[in-house]
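Every number for a ligand or one of its atoms is a count from 1 in the order of the listing.
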Amino acid sequence: MERHGNAGLICLKRGIVAWLTGLPGSGKTTIARLAAEKLREMGYRVEHLDGDWVRKTINPDAGYTREERRRHLLRVAWIARLLARHGVIVLCSFVSPYRDVRREVREIVEAEGVPFIEVYVKCPVEECIKRDPKGLYRKALQGLIKHFTGVSDPYEPPENPDLELDTVSNTAEENAEKLVETILARLPRDKPG
Ligand SMILES: Nc1ncnc2c1ncn2[C@@H]1O[C@H](COP(=O)(O)OS(=O)(=O)O)[C@@H](OP(=O)(O)O)[C@H]1O
Ligand SMILES: Nc1ncnc2c1ncn2[C@@H]1O[C@H](COP(=O)(O)OP(=O)(O)O)[C@@H](O)[C@H]1O
């Protein structure tokens, strides 16, 4: 790890990808934002790629069928891989409901020698429906949104996540802290030259 004098910026040779998966409203975006803030304050270079943002900018044509989600997420995996290859800590928050697609995402990232942490943001669908931060569950339950994860489309929870964050028992702040700790513990250590 090299530290450059300017503003205490930490320049890693290689970054890491932390991939947050969970139901809509489970808390992925909130936790990733908090963790990104903490890491930036520590001097790391951080990028947060979030479903809503990527769907507005890079993938405006992405839909919600299984294949459309897959294509969208594999593109994100490649972007995350490129960023992490240049020392950026990349936080990705996507519903990413299918196990096999998450496996493909991991393979893309790890093929570059970049560590990948699968983070399951765990929250029962009943609680997500209560939270309903964007009012989408209400619409989905009225039958107004097709393929809505948790209502009319499946969510396959990770069987063996690297980290599980329960957003009912723990606050967003506590979970962000756990995520930061896990990321720091998994950062590649540069071999002494
Ligand atoms: N049909 C359907 N299913 C799931 N989610 C839907 C859908 N339609 C819109 N939304 C909103 O879009 C966000 C999901 O985008 P993602 O890119 O994370 O989804 S995916 O990974 O491609 O499955 C997701 O955002 P989050 O709530 O932040 O997860 C939803 O608010
Ligand atoms: N422990 C918690 N962790 C994260 N979010 C929480 C928690 N408790 C309540 N919330 C609320 O739940 C909502 C989660 O929304 P968001 O972070 O956008 O989820 P997602 O990105 O998974 O859709 C926010 O309104 C947030 O304030």
Side-chain angles (χ1 to χ4, degrees), residues 17-38 47-80 90-109 116-158 161 163-182:
V17 175
W19 189 277
L20 285 74
T21 169
L23 287 166
S26 56
K28 303 178 296 298
T29 309
T30 306
I31 294 169
R33 273 194 195 140
L34 284 171
E37 247 172 62
K38 287 174 191 291
E47 196 61 64
H48 175 198
L49 302 173
D50 184 69
D52 282 337
W53 182 80
V54 171
R55 283 172 175 278
K56 270 192 212 123
T57 53
I58 299 162
N59 287 338
D61 47 353
Y64 292 93
T65 65
R66 187 185 174 101
E67 191 46 36
E68 284 168 323
R69 289 183 203 248
R70 176 176 174 270
R71 275 205 301 272
H72 156 64
L73 294 172
L74 296 190
R75 279 183 201 151
V76 173
W78 276 100
I79 294 166
V90 190
L91 304 177
C92 300
S93 45
F94 293 85
V95 173
S96 41
Y98 299 110
R99 274 188 207 116
D100 58 351
V101 175
R102 293 196 301 264
R103 195 178 319 117
E104 283 187 86
V105 166
R106 178 192 284 275
E107 282 165 7
I108 288 171
V109 172
F116 180 89
I117 305 174
E118 185 180 54
V119 183
Y120 176 28
V121 180
K122 188 177 176 188
C123 185
V125 70
E126 297 76 18
E127 173 63 21
C128 294
I129 290 171
K130 272 191 218 151
R131 291 180 186 171
D132 203 7
K134 300 176 199 160
L136 294 177
Y137 277 102
R138 190 172 48 83
K139 287 190 186 156
L141 288 164
Q142 290 169 347
L144 300 174
I145 306 177
K146 279 185 194 162
H147 299 293
F148 194 80
T149 308
V151 176
S152 44
D153 226 40
Y155 179 77
E156 301 171 357
L163 178 66
E164 184 171 295
L165 300 175
D166 184 320
T167 72
V168 175
S169 331
N170 306 315
T171 65
E173 186 63 37
E174 287 165 344
N175 282 329
E177 195 53 53
K178 268 196 206 174
L179 176 56
V180 168
E181 274 170 28
T182 307

**Student:** Write down, by chain and number, every protein residue that brings a non-hydrogen atom to less than 4.0 Å from an atom of ligand 2.
**Tutor:** Leu23, Pro24, Gly25, Ser26, Gly27, Lys28, Thr29, Thr30, Arg131, Pro133, Thr167, Asn170, Thr171, Ala172
**Student:** Can you find a side-chain donor-acceptor pair between His48 and Ser93 that sits under 3.5 Å?
**Tutor:** yes
**Student:** Give the ring-plane orientation class for Trp19 versus Phe94, where under 30° counts as parallel, over 60° as perpendicular and anything between as tilted.
**Tutor:**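 Rings of Trp19 and Phe94: parallel, under 30°.
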**Student:** Closest heavy-atom contact between Tyr155 and Pro97?
**Tutor:**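 Shortest heavy-atom separation between Tyr155 and Pro97 comes out as CD1-CA, 3.6 Å.
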**Student:** What residues form a salt bridge (charged side-chain N to carboxylate O under 4.0 Å, His left out) with Arg131, not counting sequence neighbours?
**Tutor:** Glu127
**Student:** Could you tell me which non-hydrogen atom of Leu34 sits nearest to which non-hydrogen atom of Ala176, and how far apart they are?
**Tutor:**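 Taking Leu34 first and Ala176 second, the nearest heavy atoms are CB-CB, 3.6 Å.
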**Student:** Does the pair Glu164/Lys178 count as a salt bridge with the N-to-O cut at 4.0 Å?
**Tutor:** no
**Student:** Considering non-hydrogen atoms only, spot the tightest contact between Asp153 and Tyr64 and give its length.
**Tutor:**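 Looks like OD2-O, 3.9 Å.
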**Student:** Could you name the protein residues that come within less than 4.0 Å of ligand 1, counting only heavy atoms, and order them by chain and residue number?
**Tutor:** Pro24, Gly25, Lys28, Thr29, Gly51, Asp52, Arg55, Tyr64, Arg69, His72, Leu73, Phe94, Val95, Ser96, Pro97, Lys134, Leu136, Lys146, His147, Phe148, Thr149
**Student:** Output all residues satisfying salt bridge (charged side-chain N to carboxylate O under 4.0 Å, His left out) with Arg99, sequence neighbours left out; order by chain, then residue number.
**Tutor:**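 Arg99 satisfies salt bridge (charged side-chain N to carboxylate O under 4.0 Å, His left out) with Glu159 once adjacent residues are dropped.
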**Student:** May I ask you to decide if the ring planes of Phe148 and Tyr137 are parallel, tilted or perpendicular, using 30° and 60° as cut-offs?
**Tutor:** perpendicular
